[in-house]
Amino acid sequence: MLTVNEQGIEKPINYKTSVSAKDTSKYSSLVFKLLFFGIMIFSLMVGINTTSIVKNATHDADAEILYIEKWTVYDSEGKSFTSGRSYTNKRAYKEDFTLISQLPDKIPGESLLCFQNRGDVRVYVNGELRKEFIRSRDTYIPGGSLKEFYVIIPLEEEDAGAELKLVRGRTEWNPQIVPVTVVSTISGVYNYLLGKYGIPFALEIMLFVAALLVTIVGVVLRIWNKHKIYMLYGALGVLNVACWLLAVSQLTPFVTRIYYVDGLMGFLFCMMMPFALLIYIDSIQHNRYRKLYSVLFIMSMISFFFWTAIHFSGIRSFQSSLVFIDSELALIVVSVLVTLGMDIKNGHIKEYPYTAAGFIAFMIMSIVEIIMLIFFESISNEIPMLIGLLFLLILVSIQQIDDIKNIRSRLEEEVKNNILEKEQMLIHIVQTLAGTIDAKDTYTNGHSSRVAEYSKEIARRYGYSESDLNDIYMMGLLHDIGKIGVPDVVINKPGKLSSYEYSVIKEHPVVGANILQNIEEKKELAMGARWHHERYDGKGYPDGIKGDKIPEQARIIAVADAYDAMTSYRSYRDPMPQERVMKEIAEGSGSQFDPRFAKIMMQMIIEDSNYDLREKKDDKPSPGKA
């Protein structure tokens, strides 16, 4: 029996291995469901717990937030103007600015000064330099900080009412000349930051935890199941996006104290987004658009190494290359949407309905986020995309559950077809072999086939399954295979056999069993050959066993074999009359035959009113043709 593996190579199918794989697939589907829901519950608990921390932190009545409300701003030419809490202008891309204000008149002990920053900055309190950040000096990776981070400066009570001066260098991102600047205790600063970014940060952590756990489950299933787990690539893609969101979160530099991590890692994770997602989409679409996705994958790979290399070499920063990186990502998104549209048109979408729904939901939520970015000034404008990604991850996991069920169904069908094909081929081989055996005896033509049919019918009436019926049929066909070792002159001797010749004939059960025991997949075939001449009372041969110690199939074949012997042509007689056959079977019940199977055989005789269960005269070979 042959099947085709994933590489298109034919390989033998082992019945036991196939059944084991079927059971493994069944249990893996159940285990994955339990793991998936466990992951979702655990991730939800993480999100709820983080949100609770944020909620509790932002409702600390004792943590007062003091804003710097008024600034005097000096440009590079020395011209000044007045600003409120914040001020944004594209001049920040080209000029340095000096900001002067006054600290609150009352500052609690152990307070902090906190503001958002992007480029070089110096902070003075009453003319004393309290904090300095120079990107080229204070970052250890070429390109430095590429996004905002929060500058934290400790203050003392005696700093109350002092002059505050910020000297800010030009920026490449977010042209905010005057940042929102607050003074508060440590808990107040936490309140301030968590109030602005806490909910998205909690969702990002929840997404990261869920994607990481689903990725780990995907790896385990891949190793255990020996099947491709497409969810693994989808989860890796979502995990990459979660890492990107965490990297660009305003809280990340505050937590890690590494000012350049958000921008640098943000761009690296951003450029890695296409890899796993392209593999996943290509896999669930069964490689229909492999050429397109291969081009996009190679393009993304080249882009990743190219922009990374020129950034670290100092030729061109990630920020200045952003338009090209975003254009590439937009091209990939459009290409995926086009293939999804083609699959919808051609009806292929039914192959991955959950994933398709997840991608559509993600795209809708991304559009909502873009609208929020354009028309609404919201700190939490990334929440729609986070919700979309969580929804995508859930549906990707559900799709995998569905795929595992389909794998199990296909495997069960494959096993069933392989077994049927294998048994049919084996039956044909056995029938040919049985015909060869019968041909040795001029007067037993068709004997093995008839015994097989009678045995199968007895077993069917006794309640055997379809698979077991096929087994006993083959056992019936091969029960006399040991006669291959008996000389033709003995088998076809017209007169009475000598004691020596009879002893030779009696050896054929052992010879047959020795032949058949070498068939690994059907060890039971040897039982019918060895013990079909045993008697229920223990007076048979070759081993003289009795009762239930004789294998059940051999007891069935013994009845069928004796019945065919009485209803076939012999050199010295025609088939016995049906009434005499019934009498012989009845008399042998409990002594020669198992009573249960003798009773079934007698019922078959009763039902055979036309005496069809016998060797027909047309089936009897002419002398000399054996």
Side-chain angles (χ1 to χ4, degrees), residues 116-119 133 135-136 138-150 171-174 197 200-201 203-205 207-212 214-216 232-281 293 296-333 335-336 362 366 369 382 385-386 388-389 392-393:
Q116 198 174 41
N117 187 63
R118 171 68 174 70
F133 176 77
R135 188 172 67 178
S136 59
D138 297 334
T139 57
Y140 309 106
I141 299 177
S145 174
L146 297 169
K147 206 169 182 292
E148 295 90 351
F149 61 90
Y150 275 89
T171 182
E172 297 175 355
W173 184 278
N174 189 1
Y197 311 110
F201 193 66
L203 289 174
E204 288 160 8
I205 292 176
L207 179 66
F208 175 81
V209 170
L212 178 62
V214 172
T215 299
I216 293 172
L232 174 60
Y233 305 115
L236 277 173
V238 176
L239 179 62
N240 186 96
V241 177
C243 290
W244 168 66
L245 290 169
L246 283 171
V248 301
S249 170
Q250 302 292 354
L251 286 180
T252 300
F254 182 75
V255 173
T256 63
R257 294 291 195 271
I258 303 175
Y259 294 143
Y260 51 84
V261 67
D262 59 337
L264 183 64
M265 297 307 296
F267 277 98
L268 291 175
F269 281 124
C270 181
M271 291 191 295
M272 288 192 293
M273 281 183 197
F275 300 146
L277 290 175
L278 282 174
I279 294 174
Y280 177 67
I281 293 294
Y293 290 136
L296 293 175
F297 189 90
I298 293 170
M299 180 186 72
S300 300
M301 187 73 72
I302 293 173
S303 174
F304 177 82
F305 287 110
F306 176 75
W307 295 118
T308 302
I310 66 171
H311 172 82
F312 285 108
S313 65
I315 298 174
R316 187 185 183 106
S317 68
F318 281 135
Q319 174 57 39
S320 59
S321 309
L322 185 60
V323 63
F324 303 105
I325 297 172
D326 286 347
S327 298
E328 171 204 328
L329 293 175
L331 176 61
I332 291 172
V333 170
S335 300
V336 171
F362 173 65
S366 298
E369 178 174 330
E382 66 265 39
M385 186 173 72
L386 283 166
L389 283 168
L392 174 61
L393 181 64

Short side-chain to backbone donor-acceptor contact, S303 and M299, under 3.5 Å: no

Using the side chain to side chain contact (heavy atoms under 4.5 Å, CB included) rule, take I205 and F201 through it: C-alpha gap first, then chi angles, then the decisive distance, then the call. CA-CA 6 Å; I205 292 176; F201 193 66; 3.5 Å; yes

Atom pair CD1/OG of I332 and S327 - distance to nearest 0.5 Å: 11.0 Å

L393 to A211 - nearest heavy-atom pair and separation: CD2-N, 3.6 Å

Main chain of A242, side chain of N240: is a donor-acceptor contact present, judged purely on distance under 3.5 Å? no

Aromatic plane relationship, F275 with F304 - under 30° parallel, 30 to 60° tilted, over 60° perpendicular: perpendicular

Taking every heavy atom of F324 against every heavy atom of R316, the minimum-distance pair comes out as CE1-NH2, 3.5 Å

Not counting sequence neighbours, which residues clear side-chain hydrogen bond (donor to acceptor under 3.5 Å, both in side chains) with S300? List them please. E328

Taken in chain and number order and not counting sequence neighbours, the residues that satisfy side-chain hydrogen bond (donor to acceptor under 3.5 Å, both in side chains) with Y293 are Q285, T339

Do F208 and L239 have side-chain heavy atoms sitting under 4.5 Å apart? yes

If the condition is side-chain contact (heavy atoms from CB on, under 4.5 Å), which residues does L245 pass it with, not counting sequence neighbours? E204, L207, V241, M385, L386, L389

Interatomic distance, I298 atom CD1 to L278 atom CG [nearest 0.5 angstrom]: 11.0 Å

Closest non-hydrogen atom pair, A276 against Y233: CB-O, 3.4 Å

Please round to the nearest 0.5 Å and tell me the distance separating atom CE of M301 and atom CE of M271. 12.0 Å

Residue pair L236 / Y280, side-chain heavy-atom distance below 4.5 Å: no

Keeping S313 on the side-chain end and I310 on the backbone end, is there a donor-acceptor pair under 3.5 Å? yes

Under a 4.5 Å cut-off applied to non-hydrogen side-chain atoms, are P274 and L296 in contact? no

